[in-house]
2 protein chains.
Amino acid sequence: MADSPIPVSSDKSGTSSPAPAVTRAAAVLDALAASATGRLTLSDLSREVGIPKSSTSNLLLALEEARLVNRQGAEFTLGRKLVELGAAYLGRMDEVQEFYRYCEQASVLSRETVRIAMLDGTNVIYLARYEGHPAVRLTSNIGDKMPVSLCAVGKALIARLNVHDIEEMFPDDAELPVLTPKSLRTGGELKAQLREIREQGFAFEDEESTTGVVCLAVAVPTRGAHGPSLGLSVTALKATYTPEQGSQIVKELQELAHSLGNPMG
Amino acid sequence: MADSPIPVSSDKSGTSSPAPAVTRAAAVLDALAASATGRLTLSDLSREVGIPKSSTSNLLLALEEARLVNRQGAEFTLGRKLVELGAAYLGRMDEVQEFYRYCEQASVLSRETVRIAMLDGTNVIYLARYEGHPAVRLTSNIGDKMPVSLCAVGKALIARLNVHDIEEMFPDDAELPVLTPKSLRTGGELKAQLREIREQGFAFEDEESTTGVVCLAVAVPTRGAHGPSLGLSVTALKATYTPEQGSQIVKELQELAHSLGNPMG
DNA sequence: GGATAACGTTCAGTTGACTGAACACCAGCG
DNA sequence: CGCTGGTGTTCAGTCAACTGAACGTTATCC
C-alpha cells in the first residue's frame, strides 16, 4: 500500500536511501568480504565503493569503534563483532539446532556429510555442516556462497519457486557459471532439470561443482509465512556412491526436512 | 592506541562519532543480538537503543536494504548477510584452517573436543570447534561469548597481558560472574591463578563453568604485531579425565599453538 | 638526493539527514 | 460505540554530516 508505483530511478548517484551512511557502510563491509585478501586500505575502499576518501575515513572510524572492522596499521579487515552477530543469527535458528540433533541420531545420515543451506537470490548460503565421517573433509565452510545452478541444494530450492520468478532469474539463454565439464550451461538446461526435481521430490548433482563428488538434496517446507527458504544436502564421493545408498539418504533427508518444517509435530 | 580509556559519556547527545548513523546502526544490531528472542519491533528497538522512532525506522530501512536485518511483519531480526560477513571473517583467518588440519592429524587431539577462541575485552569468542568424538556434544556454539574468568582459554589469554592492564580489568575486589560453586569469585582469586598459569605455561579449569567438565588451554603466540589474541582449549569430562591424559593434551596443544604462531615454520 | 607518487588527515562551506510532533491505524475494553 | 494505549508512518525546519581541495607524511624510483 505504501509502495510508490513510481519506478524509483536508482541509477546515477541517487540511491535515495533513508540513511545513506548505513548503506555505504554496508557496501564497505561487502567490499572487504569480497576482496581476495580481505585486507584493503582506505584508498582501496574509497575507489572500490566509489565514495570520497574523507567520507570513507569517517565511515571506517565509526565501523572500527563498533568493532565491525579492524584496522591493522594502514589496512582494514572485517571485525570480530561480525562473528558474534553471525553466530547470533544462526543461534536463533531453531532449525540449525534441530538439524544437528537429528543428524546425530539418524541411522544413515549420521555417517554422512550433511549440510543445511539457505536460499539468497541466485545463491545458496551454507548455514551448518554435520560431519559423519571425519575422514573425508570436503572443504566447504559455513557461510560460503554457491550459485544455485551448481549444487543440488540450490536446484532443490529453486525448483519450489513459482515459474514466473524462475523465468525471470534464468531465461533460456542465460549463461550459468561453470566449475566442471558437467556443470549446467544455460537457463534452459537448468529448467529442464527443475521439472525432474519437482516430479521426484529431490535434487541430484553429478559432479557439477566438483569432479568426483555427487550430491543429494531436498527442500525444507517453509515454516510460517516469511521464513527463509532452507534446504538439506548430503555430499558423497562418486567412487563409493550407490543408488541404494542414495535412496536411503533421500528418505532420511525428507524425514528431517519434514520435521524441520513442522516443529513439535 | 585507538583504545579510548576515557569513559565515553554516552549520555545526552554527545557521542561524537564521525558517522553517528553507523554507530547507531551497530547499536541496533547489538540490541537484536542481545535480545532474548532475537525479534524486536521498531518501538522496542527505539526504546532499547534510545533513539527516536522515526530515526530508528530510517536506520532499519537502510539495514534491511543491506540484508543486515530482516523484517517479518512488524518484527525485526538479524539478517542473513551477517552470516556471510562472519564467515568471511573466519575464512580469512589462516589460523582456523590450520587449526582444523592439525587436529585431524594429531594423535591425541584428534580424539578430543578442541576449540580455538579469541580474546575480546573481558570475554572470549569461540571461533571454531573440532569434534574428535562425536558422541559427547557439549553445546557451545561458534560465536558464543564467555567471560574470561570462567574458562581455561580465557585465563590463558588474560595471563599474557601486562600486569597493569590486568589490574585495571580486575581489581582485587572485583566481583566475577559465577556459573558453578567452583567459579572464581574475585579479581584477587583470578590473579592468583594467572600467576600459576604463567609459571606452568597452560591453564586449567576445574568445573568452573560447567559441573562435571574440565578444560585445558594454552595461548597462541601472537603472530605479527596487531593480530588478534588467540587461544586453544580442550574440553573433557571430569569423570574420565586423568592427569596423564592431561599432560599429553597440553603437549599437543602447545605444539599446535607454536605452529599457529609461527606459520611456515 | 631529489623528485614523484600515493597515502591518510584536515577544514570550512553547503547540502542533505535527523528530529519531534502530528498523523493514520489496529486491538482491547468498558 | 468511543475511548485508550499501542503500533508504524509522514513531514517541514534545523542542525550536523558530507564533500573536495588543500595539507603533511611516508614510500618508491631514477
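Just so we're on the same page: letters track the sequence lines, and every chain starts at 1.
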Candidates B:Leu194, B:Asp165, B:Ile158 - the one meeting side-chain contact (heavy atoms from CB on, under 4.5 Å) with B:Phe170: B:Ile158
Full working for side-chain contact (heavy atoms from CB on, under 4.5 Å) between B:Leu59 and B:Val49: CA-CA 12 Å; B:Leu59 290 177; B:Val49 183; over 6 Å; no
Heavy-atom donor-acceptor pair, A:Ser183 side chain to A:Leu179 backbone, under 3.5 Å: yes
Nearest-0.5 Å distance, CG of residue A:Leu32 to CG of residue A:Leu29: 6.5 Å
List, with names and distances, any nitrogen or oxygen atoms from the protein found under 3.5 Å away from nitrogen or oxygen atoms belonging to nucleotides 7-10 of chain C.
{"from": "C:dC7", "atom 1": "OP1", "to": "A:Arg47", "atom 2": "NH2", "distance (Å)": "3.3"}
{"from": "C:dC7", "atom 1": "O5'", "to": "A:Ser43", "atom 2": "OG", "distance (Å)": "3.1"}
{"from": "C:dG8", "atom 1": "OP1", "to": "A:Leu42", "atom 2": "N", "distance (Å)": "3.0"}
{"from": "C:dG8", "atom 1": "OP2", "to": "A:Ser43", "atom 2": "N", "distance (Å)": "2.9"}
{"from": "C:dG8", "atom 1": "OP2", "to": "A:Ser43", "atom 2": "OG", "distance (Å)": "2.4"}
{"from": "C:dG8", "atom 1": "N7", "to": "A:Lys53", "atom 2": "NZ", "distance (Å)": "3.2"}

Would you tabulate the nitrogen or oxygen pairs shorter than 3.5 Å linking the protein to nucleotides 12-16 of chain D?
none

For atom CZ of A:Arg24 and atom C1' of D:dA17, their distance in whole Å: 10 Å
Length of the CG-C1' vector between A:Leu63 and D:dA17, whole Å: 15 Å
A:Leu40 CG to C:dA6 P, straight-line distance once rounded to whole Å: 17 Å
A:Glu48, CD: over 12 other non-hydrogen atoms inside 6.0 angstrom: no
Minimum heavy-atom distance A:Ala257-A:Leu232, with the two atoms named: N-CD1, 3.7 Å
Check: B:Arg71 and B:Leu60 side chains under 4.5 Å, non-hydrogen atoms: no
Partner of B:Val124 by side-chain contact (heavy atoms from CB on, under 4.5 Å), out of B:Ser229, B:Pro147, B:Cys151: B:Cys151
Atom pair NE2/CG of B:His258 and B:Leu253 - distance to nearest 0.5 Å: 14.5 Å
For the student: nearest non-hydrogen atoms of B:Ala159 and B:Ile197, plus distance: CB-CG2, 3.8 Å
Which protein N or O atoms sit under 3.5 Å from an N or O of nucleotides 23-25 of chain D?
none

